[in-house]
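We count ligands from 1, going down the list as the structure has it; atoms in each ligand are counted the same way.
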Amino acid sequence: MDGRQQLDGIGVSPGIAFAPAMVVRWDFPDVPDRAVTREEVPGEIARLRQAVSEVAHGLTSLRERVAERAGPEESGIFDAQILMVQDEDYLGSVEMLIRNNLLSAETAFEFKSLELREAWAGAPRLRERLTDLTAVQRQVLHRLLDRSDHEEWSIELDEPVIVVAHELSPGVTVQLDREHVVGLVSEQGTRTSHAAILAHSLGIPAVMGVPEALDHIRNGTVLLIDGKRGTVLLDPTPADMDTARARLSRRHRLALELETAVGEPAVTPDGLDVALMGNVDLPEEIEPALRNGARGVGLVRTEFLVTGRAELPTEDEQFAYFRRVADAFRRDPVVIRAFDLGGDKFPVGFRAPVEANPFLGWRSIRVCLDQQEIFRPQLRAVLRAAVDRNIQLMLPLVTRIEEILESRALLEEEARALARDGVPAAKSVPVGVMVETPAAVILADRLAQVSDFFSVGTNDLTQYTMAADRGNARLASRFTAYHPAIIRQLKDVSDAGARQHIPVSICGEMASEPLAAVLLIGLGYRCLSVSPPELPLVKWTVRRVPFEAAKRAAAAALEAGTADEVRAAVKEACGSYLDLRMFDPLNSLPDIRKAASLPTDFPTSTS
Ligand code: PEP
Ligand code: MG
């Protein structure tokens with residue numbers, strides 16, 4: 001590339017931006033160790049309380065601005081920060097330090113803040129929210145040191161820039177002057193970080209997880225960033241600019257074609273009908289799924305009913321929600337997934353043990369079966385909602401046949417109890433298994449004997465097969481469902497389902513990636529459940545690539561030894577039917593735990 005340099009990261013907010021870099025470093029201020037006299041203690045405590053209340057006040061007005069500009073989900077991010085900064089355990093421990101050790105408010109606050117950050121850094125489910133915590137701590141310290149003008153976004157801009165930082169807090173992302181900040185680059189952050197979600201909602205192109213960006217980019221270095229591909233090009237030439245412009249215009253053309261695709265059937269040119277369903281993580285996704293032509297919901301994630309709340313949802317509340325989804329889709333199937341708690345998703349009110357490896361820990365169906373007071377109300381809600389509706393139940397993270405049998409037994413018990421009590425409810429519902437562990441794949445033929453359907457969760461299947469944490473930016477290129485180990489498992493699952501005559505679908509993010517969708521069709525899948533915004537592009541692709549070509553792609557992929565060979569096989573098979581430049585590189589498939597898990601349940605004490 002004639003000496004020019006390209007840095008690769010994760011595209012978290014699509015769009016192309018071109019401008020000089022503005023490198024910013026939001027460091028923690030130097031806090032001098034300062035002792036106080038006993039008489040000064042009440043004054044220090046009052047200063048601490050005042051600083052905290054100013055920061056909380058600032059965050060509250062940010063929340064209001066975000067609610068206007070981006071919507072209620074996004075503004076909820078600031079509720080979490082307000083909770084963090086006002087946490088009484090946290091502030092109480094700082095006050096104790098001021099009182100007992102006669103330290104100034106800033107010295108004590110810095111000490112306790114460091115302790116808390118270390119605790120969060122060591123806890124997988126909190127690590128991703130460390131940026132949010134750091135940002136509020138920094139603000140309090142700046143105020144205690146009377147340096148509030150140094151904090152967050154107080155830089156005046158009069159020309160367009162791309163902001164480059166080690167990490168971007170949600171507050172910074174929102175306060176950016178959109179006239180002048182045309183793009184964002186950061187070393188930290190993944191698609192699921194709050195700053196990324198906000199950048200996306202605000203329409204600012206952003207690339208995050210760019211290793212060592214600050215070592216390579218100087219203030220004023222001209223950058224060309226592509227927030228879809230996840231690339232940052234330093235000192236682009238006029239030819240690079242032309243390429244980027246052409247890419248942008250192709251994307252616009254495609255957008256127009258997609259509008260038409262929505263109303264058309266998902267049928268390949270040689271007549272194979274593919275059922276494209278939607279994944280619904282939050283109630284707000286019901287409408288986009290319908291609008292984009294989803295034929296039902298292949299995955300209703302239920303965790304939003306739990307995360308960020310102090311109490312578990314009641315049976316009635318769950319019933320109302322399931323009914324609402326089923327009413328929206330009427331005749332088409334709606335597949336409710338049992339609570340996929342654990343890993344990084346636990347309610348505040350639920351005392352979950354701290355585990356060294358939460359993704360290998362007590363999660364999903366294991367929690368449901370061990371904590372029946374959580375599972376039974378959900379089963380009852382499903383049965384009640386299923387009266388005259390096509391509702392099905394899906395069990396996540398199955399690794400053992402017993403889990404299916406026990407779940408079925410509980411479902412039967414609850415159906416009998418409902419009938420006994422005269423509560424209107426279905427006698428049963430189809431029970432399917434999420435195939436998302438290698439154990440489930442290897443045992444698929446046996447699981448199929450006791451399952452009504454399979455749905456493959458390629459996100460977790462990739463994580464567990466590749467031994468690569470799905471949320472770890474450093475592993476993004478290794479976390480790919482194009483790896484032949486995944487492709488072969490996908491074939492095995494589809495074969496096992498066919499032998500047992502049960503339907504098999506895909507609900508992991510792989511199905512939302514159009515060329516991967518072609519591959520999946522070639523591997524035998526006839527039903528794909530897709531993230532609602534991706535439905536038009538997947539359908540547009542399905543309508544252009546014949547089933548024969550999809551089968552060729554699958555056959556070649558099954559012979560491949562590397563992920564690159566799999567990608568090449570798919571491109572080769574699709575090349576004559578599609579302008580492949582329409583598609584951005586077959587990147588690692590994204591982690592989709594986006595807004596669904598925006599947690600507001602931050603334990604802020606270190607105890
Ligand atoms: C999956 O693992 O592919 C899946 C669909 O479930 P989740 O992303 O919610 O873990
Ligand atoms: Mg999963």
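- With a heavy-atom cut-off of 4.0 Å, D340 touches ligand 1 through its side chain alone.
- Nearest to atom 4 (C) of ligand 1 by heavy-atom distance, out of R470, M434, M394, E509, is M434.
- Using a 4.5 Å heavy-atom threshold, the side chains of T465 and H483 count as separate.
- Within the 2.8 Å limit, D340 places no N, O or S atom next to the Mg ion (ligand 2).
- Angle subtended at the Mg ion (ligand 2) by D460 OD2 and E436 OE1: 100°, rounded to 10 degrees.
- Residues F454 and Y525 place their aromatic rings such that the two centres sit no closer than 6.0 Å.
- The residue from D281, I506, N459, V435 that puts a heavy atom closest to atom 3 (O) of ligand 1 is N459.
- In this structure, E402 places its CD atom where more than 12 heavy-atom neighbours from other residues, nucleotides or ligands lie under 6.0 Å away.
- Dense packing is recorded around CZ of R544, with more than 12 heavy atoms of other residues, nucleotides or ligands lying under 6.0 Å away.
- The proximity of R337 to ligand 1, defined as any non-hydrogen pair under 4.0 Å, is limited to the side chain.
- In terms of polar-atom proximity, defined here as any N/O pair under 3.5 Å, R301 does make such a contact with ligand 1.
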Applying side chain to side chain contact (heavy atoms under 4.5 Å, CB included), run through M510 and L490 and close with a yes or a no. CA-CA 11 Å; M510 186 177 191; L490 289 167; 3.7 Å; yes

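- Under a 4.0 Å N-O distance rule, the pair D340/R363 qualifies as a salt bridge.
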